[in-house]
Structures are given as structure tokens and as C-alpha cells.
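Report on one structure; see the data block that follows.
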Amino acid sequence: MPPFDPACAADYPAVIGCDEVGRGALCGPVVVAAVWFDPIAIPPDLLARLDDSKRVKEPLREILTPLIRAQGRVAVAAGSRALIDRVNVRVATLDAMRRAVLRLALDAPVLVDGRDAVPGLPQPCRAVVGGDRAVPQIAAASIVAKTFRDALMRVLARRHPHYGWERNVGYGAPVHLAGLRTHGRSPHHRLSFTRAYGDGGANIAGAD
């Protein structure tokens, strides 16, 4: 069952929720969304359908994303493949979170899914383990980020058809690993995640 009961909307604070998608992928950026809304002001049926994006099927995510954007304030940021290779995925994720929150330009507390609070923010920020099932704005952020990144990976899949990104969105599925073994890395593969595979003729330094 989805975790948020519209009858309890007044119990959920009006905060900025922040979550990422793509941290464990082998290629492409890590994508972050920051979402603010007042739970008592959004439609009850929208609140009732929010959940961790991994628990929401793709057709419903596609429906919910524009509703979230219409009912709240939303910002998206990304940490590129090049940045991930340069500084590591954790630092790239936190940097994208900081930029997404700052783009909202709101004086509201920030709650982030996971164990790391975001440094460099002017407002209080707290990490919440399992936040996408405890804080509705984090759940909304996970859905927005997932929809955004999946769409990007489908575009990249048309340019690099050997890895099945339209289905695995860059994670280490068997078809993706088989493509790496046969064709090597594309310009969008994270070198730090795929050192065992060749470049496949790609100019890694010029990617992203």
C-alpha cells in the first residue's frame, strides 16, 4: 500500500524533499529532484499515490510527474558522467542536490533520502533513511527524478543501441553487460564503474 494517507495530510510538514536516481547505474548522470509542496494543499488522490519511485509502475510515474510539477515547486539537477568519474558518485550526487534545492529559491527546511545531509545550503537539512516512504515530498522527488532520467536514457539508447538502455536505463542488466563485452564503453559510461571494459573507440575524455 502507498505510505501516505490523505487523512493525515496535516501531519506531514511543508518541506523541500530531495532524492536521487541513477547512483548505482553504470552510465549516464545521477539525476536529482527537489520538490516542495504543502501536503494539505495538494489533491488528496495525488498524496495517496505518492511512493518510492521503485514501487510505482512506469505508466503511473508518467501520470504523476506532471501533476507533481503542477501542484508544487520542482527543480531538477544532474551530476554528469564526467563529474562522477572526477569526484565520485557520492560527491556528485550531493552537489546536484545542493544545486536543485538552491534553484527552488525557497526558505524551507530540506529533508533528503539516505544518510547524507546536503552541505552548502542556507537552510537546515536533515537526512532521512527510507525517506521516500516517510516524507511525501521525497517520494515525489524520487518519481520526478526517475521519470526525467529514464526519458534521458531512452534518448541515449537510440544513439547507442548495443546496451539495451531503453529497458535497463543504464544499470548492470545482462544485455548491458553483454554490450560492454562486445562493444566496449560508450562516451556515457562511467569509467570508474566500468574499468574492466574497453573504450569501444569512444572518446571518454570528451563525453557528456
Side-chain angles (χ1 to χ4, degrees), residues 4 12-39 41-42 50-54 61 65 68-153 156 169-171 187-193 204-208:
F4 305 109
Y12 305 124
V15 298
I16 296 170
C18 197
D19 202 2
E20 57 76 23
V21 171
R23 186 163 174 164
L26 302 181
C27 62
V30 58
V31 172
V32 166
V35 175
W36 176 92
F37 55 75
D38 186 342
I42 69 170
L50 297 177
D51 202 347
D52 174 3
S53 62
K54 294 185 290 296
R61 292 197 303 266
T65 293
I68 293 166
R69 289 183 174 275
Q71 295 295 329
R73 296 275 294 273
V74 176
V76 175
S80 70
R81 188 282 310 161
L83 181 63
I84 290 169
D85 281 341
R86 188 162 66 247
V87 301
N88 76 49
V89 71
R90 175 180 173 272
V91 173
T93 299
L94 291 173
D95 176 70
M97 287 180 167
R98 179 186 58 81
R99 288 184 281 114
V101 170
L102 291 176
R103 284 174 186 169
L104 290 180
L106 291 171
D107 183 17
V110 180
L111 298 179
V112 182
D113 184 54
R115 298 183 180 276
D116 292 319
V118 180
L121 294 177
Q123 67 260 65
C125 178
R126 180 166 60 89
V128 181
V129 175
D132 41 20
R133 288 186 58 80
V135 179
Q137 294 90 342
I138 293 179
S142 75
I143 291 169
V144 171
K146 174 72 171 162
T147 303
F148 186 98
R149 189 178 185 280
D150 284 3
L152 172 63
M153 294 309 299
L156 294 180
V169 294
Y171 288 86
H188 302 285
H189 278 100
R190 301 172 186 176
L191 178 61
S192 51
F193 283 47
I204 294 296
D208 290 351

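Only this structure's heavy atoms are used, side chains among them; waters, hydrogens and symmetry mates stay out.
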### Message
Strictly distance-based, threshold 3.5 Å: is any side-chain N or O of T147 a donor or acceptor partner for the main-chain N or O of T65?
### Response
no
### Message
List the residues meeting side-chain hydrogen bond (donor to acceptor under 3.5 Å, both in side chains) with T93, not counting sequence neighbours, and say none if there are none.
### Response
none
### Message
Quick one, L121 and L102 - any side-chain contact, counting heavy atoms below 4.5 Å?
### Response
yes
### Task
Would you mind reporting whether V30 and R149 have side-chain heavy atoms less than 4.5 Å apart?
no
### Query
Looking at side-chain heavy atoms only, is the closest gap between D113 and V128 below 4.5 Å?
no
### Query
Is a side-chain donor or acceptor of D132 paired with a backbone partner of I138 at a separation under 3.5 angstrom?
no
### Query
Among all residues two or more places apart in sequence or in another chain, which pass the ring-ring contact (aromatic ring centres under 6.0 Å, His included) test with F193?
none
### Query
Between R190 and R23, which heavy-atom pair has the shortest distance, and what is it?
NH1-O, 3.2 Å
### Message
One pair to check against side-chain contact (heavy atoms from CB on, under 4.5 Å): V112 and C125. What are the steps and the verdict?
### Response
CA-CA 7 Å; V112 182; C125 178; 3.5 Å; yes
#### Entry: Trace of the side-chain contact (heavy atoms from CB on, under 4.5 Å) decision for F37 with Q137
CA-CA 7 Å; F37 55 75; Q137 294 90 342; 3.8 Å; yes
### Query
Do C18 and V32 touch side chain to side chain, with heavy atoms closer than 4.5 Å?
yes
### Message
Name the residue from D19, D52, D51 that meets the salt bridge (charged side-chain N to carboxylate O under 4.0 Å, His left out) definition with R133.
### Response
D51
Let me have the donor-acceptor pairs involving side chains of residues 68-76, under 3.5 Å, with sequence neighbours excluded, atom names and distances please.
unit_1	atom_1	unit_2	atom_2	d
R73	NH2	L104	O	2.8

### Query
Is the shortest distance from a Lys or Arg side-chain nitrogen in D150 or R61 to a carboxylate oxygen in the other one below 4.0 Å?
yes
### Query
Looking only at atom types and distance, does a side-chain atom of R99 sit under 3.5 Å from a main-chain N or O of A78, one as donor and one as acceptor?
yes
### Task
State, yes or no, whether a side-chain contact exists between P29 and L152 at a heavy-atom distance under 4.5 Å.
yes
